[in-house]
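Data first, discussion second: the structure below is written as structure tokens.
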Amino acid sequence: MSNQVKEFNEYRSKMNEKLLADNNKIVKRIFNLDTNAYAEGALDVKTKELLGLVASTVLRCDDCIKYHLETSHKEGITKEEMMEAMGIATLVGGTIVIPHLRRAYEFWEALEEEKEK
């Protein structure tokens, strides 16, 4: 696994474990709601992940962008589909999201490199 992808996943897992171990009912419910929101429903998982990716980009949350990129990649979303979604995110969010677009593209390349191994 590429360092960038590995480091992100290790940190995310470690901190999620700590947060959930703290046994805060509100935090646990939010985590559960988030998990359930992206499950198959009237919209398929791929569409929901792209929606999450666009919203995360507009909100400029790099951790969220990475999460949705990785999940999208695992769901079989192509680079072209991802870039079209990111184009919409950039249109909606404006030029202020361009640094996030750059980092998203770099993270996608890391995911692609991992896939080739």
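Computed from a prediction, not measured in an experiment: that's the story for all the values here.
Using a 4.5 Å heavy-atom cutoff, the side chains of K25 and R29 are in contact. Looking at heavy atoms from C-beta onward, H73 lies in side-chain contact with K115 at the 4.5 angstrom threshold. The side-chain heavy atoms of Q4 and E106, taken from C-beta on, include a pair separated by under 4.5 Å. At least one side-chain heavy atom of L111 sits less than 4.5 Å from a side-chain heavy atom of V5. Inter-residue side-chain proximity for V45 and Y38 is flagged as unmet; no heavy-atom pair is nearer than 4.5 Å.
A distance of 10.5 Å separates CH2 in W108 from CE in M83, rounded to the nearest 0.5 Å. Taken from CD1 in I88 to CG in L50, the straight-line distance is 9.0 Å, to the nearest 0.5 Å. In this structure, CZ on R60 lies 4.0 Å from CD1 on I96, to the nearest 0.5 angstrom. The line from SG of C64 to NE2 of H100 is 11.5 Å long, rounded to the nearest 0.5 Å. In this structure, NZ in K14 is found 13.5 Å from CG in N9, a value given to the nearest 0.5 Å. Rounded to the nearest 0.5 angstrom, E109 CD and E114 CD are separated by 14.5 Å.
Each of V54 and M82 belongs to its own hydrophobic cluster when Ile, Leu, Val, Met, Phe, Trp and Tyr are linked at side-chain heavy-atom distances under 4.5 angstrom. A continuous path of Ile, Leu, Val, Met, Phe, Trp and Tyr side chains, each step under 4.5 Å between heavy atoms, connects L53 with I77, placing both in one hydrophobic cluster. One hydrophobic cluster, built from ILVMFWY side chains closer than 4.5 Å, holds both L101 and Y67.
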Kindly determine whether K74 and E70 satisfy salt bridge (charged side-chain N to carboxylate O under 4.0 Å, His left out), including the steps that lead there.
CA-CA 6 Å; K74 287 177 182 172; E70 186 167 17; 3.8 Å; yes

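The shortest heavy-atom contact between H68 and S56 is CD2-OG, 3.4 Å. Taking both residues in full, the closest heavy atoms of I65 and A104 are given as CG2-CB, 3.7 Å, listed atom of the first, atom of the second, then distance. Residues S72 and E49 come closest through the heavy atom pair OG-CB, 3.4 Å. Across all non-hydrogen atoms, the minimal contact from Y105 to K79 is OH-NZ, 2.7 Å.
Legend: residues meeting side chain to side chain contact (heavy atoms under 4.5 Å, CB included) with L43, ordered by chain and number and at least two apart, are T47, K48, L51. Contacts of R103 classified as salt bridge (Lys or Arg N to Asp or Glu O under 4.0 Å), with partners at least two apart in sequence or in another chain: D62.
Annotation for E75: atom CD counts as buried by contact number, over 12 foreign heavy atoms lying within 6.0 Å.
Under a 4.5 Å side-chain heavy-atom criterion applied to ILVMFWY residues, the cluster that includes V27 comprises L19, L20, F31 as well.
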